[in-house]
Amino acid sequence: MTTGMTPDHTSPHDFASWAEAMSQRTNRSLAGARLVAAPSGMTPDSRRAAQEWGMAVETTCGKTGMATTSFRFDADTPIDEIPDMRDATGLKAMAYAEAHMPVLHNVLSELQREGTDFTGVRIAVCLILEPKTAILLRKLKAAGAIVGVYCGPDSTDPRVAEQLRREGIIVESSRDWTPEQAHDAALRLLDTIEPDIIIDDGASFARLASLERPNLVANLIGVAEETTSGVRAFAGMEAAGALTYPVVAVNDSMLKTGFDNAHGTGETCVTTMQRILGDHAFENARVTVVGYGPVGRGFARRVRALGATVTVCDIDAVAALQAVFDGFAAQDIDDALAEADIVVSATGVRHTITLDHLRLMHEGAIVAVIGGIANEIALDEIPHFVPEVNRDSVELHVPDGPTVTLLADGDGVNYTVGGGNPIEIMDLSFAVQASAVAYLLNHRGELPHHLIRLDAATDRRIADAALKARGYRASHAVADNGYDWRLTRFEENARHSATQPEADTPATKEA
């Protein structure tokens with residue numbers, strides 16, 4: 001299909017095709033943006049699908065008060081006219097990403113104006129290496145930091161790696177590494193950078209340093225951790241008395257987990273699976289989502305918008321109840337898997353989908369990970385299974401069970417065979433990362449060796465910048481509302497009554 005959601009193509013299917021194309025080609029975030037269509041250009045079903053996806057739908061081509069058009073999409077743009085950044089050079093893809101990342105720029109500039117000095121700070125970064133990450137690295141370097149990045153073979157964009165090397169950033173990254181070579185390269189970056197600060201993903205780099213480079217760890221100012229699984233690992237280290245440096249839990253900021261996980265991962269895992277399975281793969285599909293955290297919720301909401309029937313499995317009764325109140329069925333995993341056409345794991349926990357679970361699935365079922373740690377599906381228990389880098393799908397022959405279709409070799413589907421989380425979402429996450437680095441620098445030597453959460457003021461600063469970029473603003477508060485904890489409703493009612501004029505009675509009128 002090469003047309004947009006025009007009057008001739010107005011079924012919900014067209015939103016599915018448009019969303020997949022826009023998301024996969026541009027890596028832009030549809031959630032949080034405005035979708036503008038001609039008054040006759042969308043059916044009610046298409047409108048509802050877009051709104052459940054997270055878009056504000058307007059039937060006008062005017063700006064409607066927006067300060068910028070950067071967060072506005074035209075529903076009538078033909079699909080074949082959507083720019084495809086997957087085919088761009090590293091330099092062009094990075095420029096495109098930077099043009100849609102105003103929040104990181106504004107927050108970092110404000111931190112510097114307030115006195116945070118990045119000059120000479122040695123920062124080792126372990127993140128997915130693609131255009132958005134490159135902007136964080138580039139801006140830290142421009143602020144004066146000495147920056148190096150490591151990325152494993154399963155999530156490296158070679159064109160970006162080469163461009164960053166040209167710009168003087170130390171890069172340890174290759175799609176061709178064996179596991180042993182990847183391990184050696186990680187140590188090589190640690191030895192080269194001798195980091196003051198580590199920006200980490202999954203606690204991978206900091207744990208490696210703790211275990212194999214304790215001399216370097218002794219000089220760490222601290223770590224900024226990006227992910228749920230990483231925060232969980234650092235919490236385990238803290239509980240065991242093995243955490244010897246402060247860790248800022250970037251993941252625990254609402255501007256990260258509330259947007260990156262629910263909207264970024266939730267959106268791009270759907271559209272990456274559409275690219276592999278077909279734009280309308282979720283229409284009338286029975287989908288089981290295992291894990292109803294932010295990622296699971298974001299995914300479930302969007303596949304429902306595309307016509308799926310969703311069942312949620314979560315061991316937390318509160319999360320399962322929340323799924324029910326969100327309009328989903330909640331079942332035990334053993335009961336849900338046999339009927340599922342598509343199963344996704346959204347937990348970030350090893351062996352969420354066990355070998356016995358795989359045996360419960362029907363022939364031809366599709367299974368994928370949208371969380372993202374090694375063996376979230378128990379592939380290590382399947383004889384002769386050999387993963388390949390960047391493979392969209394493969395038939396998986398389950399011992400004593402069915403043959404199922406495995407996506408992305410059981411790795412996080414959106415970042416291994418897709419473009420990763422959208423540009424505007426990572427703009428928020430990297431603004432939190434920059435704030436975490438600034439916090440560590442501004443409090444060096446003062447922080448306990450614990451997990452630390454940034455304060456609410458940091459979230460407000462980033463949210464305000466993001467609202468402003470979209471032409472919105474938060475409301476204002478009353479400067480003095482007379483709050484007093486001693487003022488109960490009873491006292492307030494009594495005061496109110498005392499200030500009211502007495503009603504005229506017949507006796508007073510005669511007087």
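Residues take their numbers from the sequence shown, with the count starting at 1. Since the structure is predicted, the reported quantities are computational estimates derived from the model, not experimental observations.
Contact record, A436 with A224: CB-CB, 3.9 Å, taken as the closest heavy-atom pair. Across every non-hydrogen atom of G420 and K132, the tightest pair is C-NZ, 4.3 Å. In this structure, L30 and M22 approach most closely via the heavy-atom pair CD2-CG, 3.5 Å. Scanning both residues, P399 and R359, for their nearest heavy atoms gives O-NE, 2.8 Å. Here the closest heavy-atom approach between residue G410 and residue V369 is recorded as O-CG2, 3.3 Å. Of all heavy-atom pairs spanning I373 and V349, the tightest one is CD1-C, 3.5 Å.
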**OP:** Output, in order, the C-alpha distance, side-chain angles, deciding distance and verdict of side chain to side chain contact (heavy atoms under 4.5 Å, CB included) for R72 and E58.
**Re:** CA-CA 10 Å; R72 203 165 132 261; E58 297 177 353; 5.7 Å; no

Original post:
Would D14 and W18 satisfy side chain to side chain contact (heavy atoms under 4.5 Å, CB included), going step by step from the backbone distance to the final call?
Top reply: CA-CA 6 Å; D14 297 305; W18 179 87; over 6 Å; no

Original post:
Checking side chain to side chain contact (heavy atoms under 4.5 Å, CB included) for the pair L355/V398: CA distance, chi angles, key distance, verdict?
Top reply: CA-CA 8 Å; L355 187 56; V398 180; 4.0 Å; yes

**OP:** Could you check D459 against L454 for side chain to side chain contact (heavy atoms under 4.5 Å, CB included), going step by step and ending with a plain yes or no?
**Re:** CA-CA 8 Å; D459 279 357; L454 296 173; 5.8 Å; no

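The closest side-chain heavy-atom distance from P422 to E267 is below 4.5 Å. Between I353 and I333, the closest side-chain pair of non-hydrogen atoms falls below 4.5 Å. Inter-residue side-chain proximity for L136 and L127 is flagged as met; some heavy-atom pair is nearer than 4.5 Å. Contact of the K256 side chain with the N261 side chain is registered, since non-hydrogen atoms from C-beta on lie closer than 4.5 Å. Residues T26 and Y96 form a side-chain contact, since some pair of their non-hydrogen atoms from C-beta on lies under 4.5 Å apart. Taking the side chain as every heavy atom from C-beta outward, I342 and M273 approach each other to under 4.5 Å. Residues S17 and H280 have side chains in contact (heavy-atom distance under 4.5 Å, counting atoms from C-beta outward). Using a 4.5 Å heavy-atom cutoff, the side chains of R473 and K468 are not in contact.
Under 3.5 Å, the side chains of H357 and T354 contain a donor-acceptor pair of N or O atoms. In summary, the side chains of T272 and N414 do not present any donor paired with an acceptor at a separation below 3.5 Å, with no hydrogens or angles considered. For D341 and H362, the side-chain atoms include at least one donor-acceptor pair closer than 3.5 Å. Between the side chains of E424 and H100, no donor N or O sits under 3.5 Å from an acceptor N or O. Defined by atom type and a distance below 3.5 Å, a donor-acceptor pair is present between the side-chain atoms of D455 and T458. Between the side chains of H263 and R301, no donor N or O sits under 3.5 Å from an acceptor N or O. Side chains of E130 and T133: a donor on one and an acceptor on the other come within 3.5 Å. The closest side-chain donor-acceptor pair between D154 and T416, if any, does not fall under 3.5 angstrom. Side-chain polar atoms of T347 and T352 form a donor-acceptor pair below 3.5 angstrom. For the residue pair D380 / H351, a side-chain donor-acceptor distance below 3.5 Å is found, with atom types taken as modelled.
One distance of note links CG of D464 with CG of N106; it measures 11.5 Å at 0.5 Å rounding. Here the CD atom belonging to E225 is positioned 9.0 Å from the CG atom belonging to L451, to the nearest 0.5 angstrom. The line from OH of Y472 to CZ of R34 is 3.0 Å long, rounded to the nearest 0.5 Å. The CD atom of E226 sits 12.0 Å away from atom OG of S204, with the distance rounded to the nearest 0.5 Å. Note that SG of C151 and CD1 of I128 are 7.0 Å apart. Values are rounded to the nearest 0.5 Å. Atom CG of L396 sits about 6.0 Å away from atom CG of L379, to the nearest 0.5 Å.
With hydrogens and angles ignored, the 3.5 Å screen pairs no side-chain donor or acceptor of Q51 with any backbone N or O of V57. Judged by distance alone, the side chain of R232 and the main-chain N or O of G348 form a donor-acceptor pair under 3.5 Å. Judged by distance alone, with hydrogens and angles left aside, the side-chain atoms of D279 form no donor-acceptor pair with the main-chain N or O of A16 at under 3.5 Å. Checking side-chain atoms of R302 against main-chain N and O of C269 turns up no donor-acceptor pair under 3.5 Å. Counting only distance, with no hydrogens or angles, the side chain of T156 and the backbone of G152 share a donor-acceptor pair below 3.5 Å. The backbone N or O of G202 lies less than 3.5 Å from a partner atom in the side chain of T227, making a donor-acceptor pair. The backbone N or O of M426 sits nowhere less than 3.5 Å from a side-chain atom of N421 that would complete a donor-acceptor pair. R275 places a side-chain N or O within 3.5 Å of a backbone atom of V417 that can act as its donor or acceptor partner.
For H105, the NE2 atom sits in a loose shell: 12 or fewer heavy atoms of surrounding residues, nucleotides or ligands are nearer than 6.0 Å.
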Just list the side-chain donor-acceptor pairs under 3.5 Å for residues 314-322, sequence neighbours left out, or say none.
from: D314; atom 1: OD1; to: D316; atom 2: N; distance (Å): 2.8
from: D314; atom 1: OD2; to: Y292; atom 2: N; distance (Å): 2.7
from: D316; atom 1: OD1; to: V318; atom 2: N; distance (Å): 2.8

Which side-chain N or O atoms in residues 400-409 pair as donor and acceptor under 3.5 Å with protein atoms at least two apart or in another chain?
from: T403; atom 1: OG1; to: H397; atom 2: ND1; distance (Å): 2.9
from: D409; atom 1: OD1; to: R391; atom 2: NE; distance (Å): 3.0
from: D409; atom 1: OD2; to: E388; atom 2: N; distance (Å): 3.3
from: D409; atom 1: OD2; to: R391; atom 2: NE; distance (Å): 3.4
from: D409; atom 1: OD2; to: R391; atom 2: NH2; distance (Å): 2.5

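Note on D326 versus R304: no salt bridge recorded, every NZ/NE/NH1/NH2 to OD/OE distance being 4.0 Å or above. Contact check on D200 versus R207 returns no salt bridge, with no Lys/Arg side-chain nitrogen under 4.0 Å from an Asp/Glu carboxylate oxygen.
Ring centroid separation for the pair Y150 and W177 comes in under the 6.0 Å cut-off.
Under the ring pair (Phe, Tyr, Trp, His ring centres under 6.0 Å) criterion, Y415 pairs with no residue at all, not counting sequence neighbours.
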